[in-house]
Amino acid sequence: MTPEGLFVAALPEHLLLLGILAILVIDLVSDRPRDPFLPALVTVLAAAGAAFWLHRIGYVGAPFPGQFSVGSDALAAKAVLFVLTVPVLFLARAERLDSRVAMLLLASLYGAGLMLSADSLLMLFFGLELLSLPLYALVVLAFRRPESAEAAMKYLVLGGVGTAVLLMGISLTLGSTGGLSVEDFRAALAADDFLARGAVVLVVAAFMLKAAVVPFHAWAPDAYEGASVPVTAYMATIVKGAVILALVRLFGDAGAGPELLAVLVALPLLSMVWGNLAAMRQQGFRRLIAYSSIAHAGYLFFALLGAPEGRFEAVTFYVIVYGLTNMLAFACLPKGEDWLRDRLDSLKGLYHRDPRAAILIAVAMLSLAGIPPFPGFVAKFLIFRTVMEAGLVTVAVVGLVASYLGIYLYLRVIQYMFMSPEPARVHTQPATGFAATAALLTLAAVLLVGVFPGVVLGWL
Amino acid sequence: MDDTTFLLALSGMLFALGLVGVIVRRNLLVMLMFLELMLNGVILSLVVFTQMLGAEAGAVLVFLVFVVAAAEIAIAVPILLLLVRTGRTLDPGAYAGLKG
Amino acid sequence: MSEALALNLLLFLPVIGGVLLLALPERRADLVRGLAMVVLLAQLALAAWLYLRFQAGVPGLQFETRLPWIPAWGVHYHIALDGLNLLLVLLTAFLGPIVVAGAFTSITKDVKLFHGMVMFIQFTMLGTFLAQDLFLFYVFWEAMLIPMFLMIGIWGGERRIYATLKFFLYTAFGSILMLAAIIYLAHTVLSADGTPSFAFADLYELGLGVQVQTLLLAAFALSFAIKVPMVPLHTWLPDAHVEAPTAGSVILAGVLLKMGTYGFLKLGFPLFPDAALLATPLIMTLAVISIIYGAGLALVQDDIKKIIAYSSVSHLGYVMLGLVTYNLLGVQGAIIQMVSHGLVAGGLFLMVGMIYERCHSRDLADYGGLAKLLPAYSVFFMILTLAAIGLPTTSGFTGEFLVLLGAFHSAWPQFEQGVSYPLVLASLAVLGIVLGALYMLRLARRLLFGEARAPVAGLRDLSLREMGILGVLVLAVFYIGLFPNDFLQKTEQAAMEYQERILAARDGEVER
Amino acid sequence: MNGLLTLLVLLPLAGFLVNGLLGRRLGPVFVNVVGVGLPLAAFGVAVWAWRILEAGGGEPLIETVFTWALVGEHVFEVSFYLDRLSAVMALIVTGVGALIHIYSIGYMKGDESYARYFAYLNLFLFFMLLLVLGRSLLVLFVGWEGVGLASYLLIGFWFQDVDKARAGRKAFITNRVGDAGFLLGMFLIFTAVGTLEMDQINEAFAGGLIPVGIATAAGILLFIGATGKSAQIPLHVWLPDAMAGPTPVSALIHAATMVTAGVYLVARMSGVYLEAPAASTLIAVIGLLTAFLAATIALVQTDIKKVLAYSTISQLGFMFLALGVGAYAVAVFHLFTHAFFKAALFLGAGSVIHALNGEQDIRRMGGLSRRIPWTSGTFLVATAAIAGLPPLAGFFSKDEILWFALASGQGGAFWLWLLGSVTAFLTALYMFRLYWLVFLGRSRMAPEVAEHVHESPWPMTSVLVVLAVFSVIAGWFALPQYLAPLLPAPDLRFDWPILHWALIVFAVLVAVAGLVAAGVLYGNGGRRAEAIERRFARLYRVLAGKYYVDEIYERLLQRPWLWISDRVFLRLGDRILLDGSLHGLAALARRGAEVLARVQTGSLHWYAWMTLLGLVAVLIWMWRYV
């Protein structure tokens with residue numbers, strides 16, 4: 001292993017680390033709190049740029065053979081996730097961005113990077129923990145509200161259970177195959193003994209827990225509601241995406257056996273139905289997005305049913321679209337007291353106060369619902385085509401019908417914004433400044449992906 | 001029943017016990033301890049497998065688990081402190097403001 | 001200017017118009033209306049020019065544009081005119097300015113958004129008709145729901161939320177199954193010859209097994225039948241119509257419903273000819289049931305809009321009947337009937353809107369003897385009523401006559417071979433013209449005749465603007481009634497291709 | 001001359017457009033010039049066209065105007081066709097039409113919708129000319145429906161009266177039922193022959209290439225159309241109600257021209273009926289039954305126009321009887337004579353109503369002959385004509401019909417003749433009853449009405465005189481012989497001139513008997529008639545109730561259809577089944593959402609439970625078979 005290989009292969013991660021250190025140093029040497037927005041932004045952009053650049057030049061490398069390697073897919077995934085973090089930074093800046101938040105965010109992102117390059121379960125576990133641990137802290141950092149601690153507590157305990165389950169699965173993998181590399185896991189997928197089956201299902205269950213798939217989803221609505229807007233956005237999009245992309249990497253070119261396949265069909269389906277139904281009644285925006293994200297986790301997991309070569313493309317494209325549209329919605333939320341702006345009621349009549357925001361949120365909602373011409377449709381199409389190509393026609397049809405259940409909840413938001421009379425007293429103001437910038441940025445991206453999905457798909 | 005199977009069964013029981021403990025105990029600190037118990041079950045199984053198969057990766061993982069467990073507690077305790085500061089109890093049942 | 005370029009311009013003019021609208025200040029409603037009017041008139045001019053340039057008797061597509069859109073999947077931005085969509089495009093472009101002109105005084109809330117939505121709807125509807133690529137078709141098909149959802153939901157009546165949600169969810173359910181079928185088709189075409197394609201032309205050549213065809217047709221047909229709507233999938237329509245603003249009703253009845261029948265004509269039947277032949281008895285039966293059921297329901301309504309809404313169910317039953325005759329007479333009749341219904345029902349909804357604007361009531365019980373109070377209004381209403389009844393010299397007659405003749409023409413040989421149900425159904429459909437007269441004349445009598453009364457005193461008769469709108473519509477109605485031949489010549493080639501595609505399957509069956 | 005027929009058709013259309021669009025603004029004089037002048041011009045053109053036709057020796061004139069539609073190999077052209085049959089019709093339509101337009105000047109004077117009235121009347125003429133001049137069934141059908149429209153508009157002319165508007169609607173709907181049959185017949189012929197040009201259809205059927213079954217079916221279907229337009233059983237119910245329209249309209253549309261369209265249709269399609277004896281028999285039977293039953297109803301009607309309406313139905317029944325036995329030319333002959341005397345009767349009735357300021361009940365008339373002599377005189381002539389007194393018009397045509405009913409080789413039968421003769425007697429009876437009650441005897445008018453009785457103005461009376469003259473002389477035209485090249489008389493079962501003469505004498509006797517009976521029954525203030533009414537009270541009620549056909553239709557058709565629409569379609573179908581299941585699904589989704597929201601209790605323990613349950617479930621699933 002050459003040093004430059006070591007340097008280049010993990011360049012995005014190195015840049016993140018550098019950024020964290022820089023912010024830390026600035027924080028230490030400065031006598032007053034400094035705005036860490038610019039360094040954080042530069043860091044994320046640099047990391048994303050590096051990943052993108054490496055992807056463009058077709059870089060392939062394995063600085064730690066058997067533990068850490070990068071290829072085209074891993075780099076593309078990193079680039080996507082890092083870029084998606086940019087609007088999160090803007091959102092955070094619009095609320096409250098101190099150096100702690102920035103560092104935790106970057107650290108979590110670092111975990112995501114590790115996870116996406118992991119070649120062994122060990123590394124994977126390490127990355128996943130690095131991704132999750134800062135999150136518990138991030139959730140609690142919105143501690144102007146008492147619920148934040150509650151949310152963090154629930155997230156922490158259930159996340160801890162997830163960690164334990166994952167470890168048990170890893171341990172069983174070790175027992176079943178004698179190793180911890182991803183190949184060993186794939187061997188376990190193919191194997192048919194007691195240990196192997198337990199191993200794969202526990203690992204998958206742990207990932208489902210992290211991605212909030214029914215019945216391991218219970219933490220998500222509460223955690224999302226308790227967290228601040230940028231953290232919720234981060235959890236709903238980047239964390240979820242990272243987890244599933246990691247699972248796709250873990251599965252590699254292996255397919256699930258019939259038993260596991262049944263689990264991979266049933267639980268995501270249940271997730272779609274559950275999430276879509278439960279979201280119908282929600283009165284809080286973040287909670288609504290939480291349930292919607294439970295349903296979307298179902299769609300994302302469906303990609304695993306497809307043929308190995310199509311999975312990555314489908315998931316990544318979905319993550320891009322889903323992430324962008326979620327960000328767009330969050331960025332357009334009106335400004336105000338946190339609990340007020342979260343209430344759907346305060347969106348009533350939004351079109352008359354802030355037509356641009358209303359239209360953009362509507363775009364986001366329709367995209368989430370998978371209605372063309374918005375990019376969510378292409379993403380949905382891609383996922384279900386993947387499933388159908390794998391020969392699971394009935395599953396795909398049932399999944400599509402389950403996704404139909406979700407249309408209403410997004411329409412309800414639009415109905416509130418456009419068709420409901422304005423409340424007598426409005427406590428929120430139109431989003432401005434950083435949030436508006438974030439909205440513009442994501443809108444541009446959404447339009448790009450929406451009008452030219454072929455370009456993005458070609459790049460992947 | 002040979003030793004390996006027994007130890008594995010024990011680790012599984014520890015794990016299950018931990019999970020059940022998380023579910024039934026009404027004290028957050030005790031729940032966290034049961035969480036650690038689950039991890040102990042995992043560690044036991046890892047050790048057994050490492051011993052049995054001679055795979056040193058397992059041993060590395062054991063240490064990693066220790067680290068992670070410690071980190072989890074390190075984050076958990078401040079959260080609990082914050083909670084108790086507002087709720088004045090360690091009973092998780094008292095913290096059900098987020099629901100629906 | 002080349003025709004293909006003009007066609008693209010035709011499609012994207014509303015988008016350009018919409019963007020320009022965004023730049024206008026909300027308060028300048030007059031500017032917004034004027035701009036919308038200019039854009040849509042330009043669109044109409046383009047459509048008319050393209051209609052004139054369209055060559056009759058030339059097989060295949062004309063004025064084609066085909067650009068890769070999602071190359072990896074073989075999805076293209078592919079639009080063109082052919083005989084099947086030509087008249088519908090013209091109709092859509094024709095109704096656009098009428099809708100805007102009709103909303104001059106009735107829409108005062110959110111004027112900018114309203115006209116934006118009209119543009120959006122024009123864009124999506126034209127796109128649906130022009131698309132020659134299944135993926136593109138679906139995108140437009142489904143996107144159309146959005147502006148319509150908003151239009152009913154924002155400017156609608158009291159129960160607008162219920163109606164618009166019902167509309168959206170009902171139609172979206174059909175679409176989702178169609179999407180499933182499209183995805184299946186996409187993956188089939190991929191595995192068939194390696195080069196992925198969504199082009200209609202390629203899909204026509206698929207040659208799937210009958211079973212697969214049946215399932216796929218069921219999915220497509222559900223979606224189309226909801227939009228048509230065919231009984232028993234029609235209950236969204238009366239609610240949507242009643243609650244929609246006038247402009248929404250006009251668009252809904254004028255063009256939107258035709259998307260369903262167009263879907264059958266362009267996609268449903270020719271893509272799956274074997275299944276279509278299998279399903280013909282069912283579809284024919286449902287078509288005739290729609291005719292009768294709609295007529296019955298229209299008779300017992302007291303809300304004027306509901307009467308016209310149910311009459312649409314009945315009239316589109318004729319279109320469906322014409323489509324499954326698989327002969328030139330029936331298919332040509334169905335195409336004409338689509339256009340005719342668009343003009344007539346659109347006109348009637350406009351007129352209901354005009355009276356509603358004056359009196360704020362749509363209850364028949366509130367009215368009587370308008371012929372005395374509003375003579376000009378009554379003349380137009382009567383003409384449109386008669387066109388709805390299918391009186392000769394109006395467009396309604398041309399469509400119904402050809403459809404029924406076609407139905408009979410295809411039923412009789414079967415009857416001679418011992419298959420009697422088509423003849424029975426065709427005869428029932430002919431009886432439908434009696435039922436049609438029954439409810440429309442009830443409407444006319446209750447509204448126009450009898451003792452003169454209205455909820456509001458001192459009614460104004462039609463303004464010049466209103467007369468202009470209706471005059472144009474009525475002229476079109478008579479033109480199609482008297483001189484349909486030009487239209488028929490332009491659509492004949494495509495209708496023939498449609499017929500041949502399905503009859504080829506029948507012949508194949510005979511060989512088998 | 002080229003374009004002549006088109007000009008003929010377009011003249012009234014121009015009148016309609018001009019009067020309809022501008023009439024209100026331009027005043028009554030202008031309306032008169034256009035509304036009456038153009039029909040007169042049309043009459044002139046019709047005469048001219050007829051002369052050209054005759055100059056060509058009866059060779060049909062054909063004018064193709066434009067191609068309406070060209071679908072595949074099927075051509076639908078708008079073309080006009082003038083042969084002797086359509087020439088006769090065109091002359092009647094424009095001639096009687098023009099007269100009635102003139103009459104209307106007086107009758108409608110001062111009506112607030114004067115222009116609209118003339119516009120409608122011109123519209124009617126346009127469609128009627130389309131009907132009789134159309135070469136193809138399609139054009140005929142356009143006219144056919146068009147006259148129905150004009151009829152609808154004119155019946156409901158005084159639309160503020162709900163009953164009148166309703167009567168118009170009834171006429172339209174009933175006609176539509178017939179039209180449906182017409183359409184089916186047209187479709188069948190088109191399918192069998194491949195064209196809708198009537199001359200070609202007749203040729204094809206005459207060629208014997210078409211199976212009898214199709215000819216019969218087509219014949220019956222077309223006849224259903226004819227029953228609608230010509231008010232034959234079972235679709236006769238609309239015509240009496242149609243009397244709600246202005247009286248000149250009743251004369252023109254509902255007596256002289258439009259209602260005879262069915263007769264014209266059958267005569268025009270004689271090629272089909274010659275191949276379809278069963279259909280012809282049906283026509284004869286229906287025609288005769290209609291004639292008889294309508295005559296019995298006419299006996300007891302008390303509304304002057306209703307009596308005439310049933311008389312019209314009855315006379316049309318005679319025409320169909322003639323058609324049914326193959327005497328097409330004779331039917332047209334009766335149509336021709338009937339047009340004059342029935343128009344005279346209706347216009348006379350109109351004059352009476354005009355004189356009595358709107359009174360129509362004959363029980364409140366009487367003794368008018370001296371007060372309005374012109375009307376009375378012409379009415380008497382027309383009554384005698386319809387009753388069949390020689391040498392007036394009705395005598396010739398009715399006699400011919402009865403002769404062929406007995407002697408025709410195409411379905412003539414003794415009972416047809418017998419019942420026909422009875423009907424002829426009834427005709428004389430009810431017509432003279434009418435005359436007696438209206439013009440003779442003592443006045444039963446309300447005094448304030450009686451005071452104002454006045455003879456009508458000259459535009460009305462002059463028309464009456466002209467029509468009365470024609471009621472006398474119309475029978476002297478040998479129309480059957482004139483039409484014979486086109487519509488040859490049927491072969492006779494027996495050709496005994498003596499029998500023919502005997503029958504003629506008998507027919508005269510029958511008519512005289514009717515006259516005498518009317519005199520006896522109604523001469524003395526109608527006391528004897530009242531006695532008979534009391535004696536046969538039940539029969540009287542049935543007749544006065546018009547055999548309760550309207551009520552039967554209402555019970556059997558109208559109410560069930562409304563019931564089905566309301567209860568089955570709307571309440572059960574739309575509301576309960578369709579929307580009900582939809583709302584059920586929506587409620588289910590709402591309920592599900594509620595349950596799921598309740599599952600999310602907020603309790604960490606329960607969340608952990610869910611996780612555990614999930615884990616156990618997937619593990620059990622995975623370890624099932626291991």
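Each chain gets a letter, A, B and so on, in the order the sequences are listed, and its residues count up from 1. We use all heavy atoms of the structure for the numbers below, so side chains are in, but hydrogens, waters and symmetry mates are not.
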For the backbone of A:Met419 and the side chain of C:Arg160, can you confirm whether one donor and one acceptor N or O come within less than 3.5 Å of each other? yes
Greatest number of non-hydrogen atom pairs under 4.5 angstrom with chain C, of A:Leu411, A:Leu457, A:Val393, falls to A:Leu411
Contact part of C:Leu165 toward chain A, heavy-atom cut-off under 4.5 Å: side chain, backbone, both or neither? side chain
Take A:Tyr351 and C:Ile154, measure what side chain to side chain contact (heavy atoms under 4.5 Å, CB included) needs, and give me the verdict at the end. CA-CA 11 Å; A:Tyr351 174 73; C:Ile154 298 177; 6.0 Å; no
More than 12 non-hydrogen atoms from neighbouring residues, nucleotides or ligands closer than 6.0 Å to CZ on A:Arg353, yes or no? yes
Between CG on residue A:Leu400 and CE on residue C:Met178, distance to nearest 0.5 Å: 12.5 Å
Taking side-chain hydrogen bond (donor to acceptor under 3.5 Å, both in side chains) as the cut-off, I'd like each qualifying pair that reaches into residues 207-225 of chain C, sequence neighbours left out, listed once. C:Gln213-C:Asp274
Can you tell me which portion of C:Leu22 sits under 4.5 Å from chain A's heavy atoms? Options are side chain, backbone, both or neither. neither
Counting heavy-atom pairs under 4.5 Å to chain C, which of A:Val387, A:Val378, A:Leu382 comes out on top? A:Leu382
Could you go step by step and tell me if C:Tyr184 and A:Arg385 meet the side chain to side chain contact (heavy atoms under 4.5 Å, CB included) rule? CA-CA 7 Å; C:Tyr184 183 86; A:Arg385 198 186 70 162; over 6 Å; no
Show the numbers, then the answer: is there a side chain to side chain contact (heavy atoms under 4.5 Å, CB included) between C:Phe149 and A:Ile414? CA-CA 10 Å; C:Phe149 171 73; A:Ile414 299 177; 3.9 Å; yes
Measuring heavy-atom distances to chain A, does C:Tyr77 have an atom under 4.5 Å in its side chain, in its backbone, in both, or in neither? neither
Check: A:Phe381 ring centroid to C:Tyr138 ring centroid under 6.0 Å: no
Do A:Phe452 and C:Ile70 have side chains that get closer than 4.5 Å, going by heavy atoms? no
Would you mind checking which part of C:Ile161 comes under 4.5 Å of any heavy atom in chain A, side chain (CB onward), backbone (N, CA, C, O), both or neither? side chain
Considering only heavy atoms from C-beta outward, does the side chain of C:Ile176 approach that of A:Ser403 to under 4.5 Å? yes
I'd like to verify something: which residue of C:Ser175, C:Ala143, C:Ala219 has the highest number of heavy-atom pairs under 4.5 Å with chain A? C:Ala143
Structural part of A:Phe377 lying under 4.5 Å from a heavy atom of chain C: side chain
Does the side chain to side chain contact (heavy atoms under 4.5 Å, CB included) test come out yes or no for C:Phe173 and A:Ile407, once each step is laid out? CA-CA 10 Å; C:Phe173 183 74; A:Ile407 293 178; over 6 Å; no
Only one of C:Leu179, C:Leu136, C:Val139 passes side-chain contact (heavy atoms from CB on, under 4.5 Å) with A:Pro372; say which it is. C:Val139
Relative to chain C, which segment of A:Leu366 carries a heavy atom at a distance below 4.5 Å: side chain, backbone, both, or neither? side chain
For C:Leu169, does its backbone N or O pair with a side-chain atom of A:Tyr404 as donor and acceptor, under 3.5 Å? yes
Side-chain contact, heavy-atom cut-off 4.5 Å: A:Met388 with C:Leu185? no
What is the distance from atom CE of C:Met117 to atom CZ of A:Phe418, rounded to the nearest 0.5 Å? 7.0 Å
Does atom OH of C:Tyr162 have more than 12 heavy-atom neighbours, drawn from other residues, nucleotides or ligands, at distances under 6.0 Å? yes
Can you tell which part of C:Leu145 gets under 4.5 Å to a heavy atom of chain A, answering side chain, backbone, both or neither? neither
What part of C:Thr164 is in contact with chain A, defined as an atom under 4.5 angstrom from a non-hydrogen atom: side chain, backbone, both or neither? side chain
Just by modelled atom types, is the A:Val451 backbone N or O under 3.5 Å from a matching donor or acceptor in the C:Trp69 side chain? yes
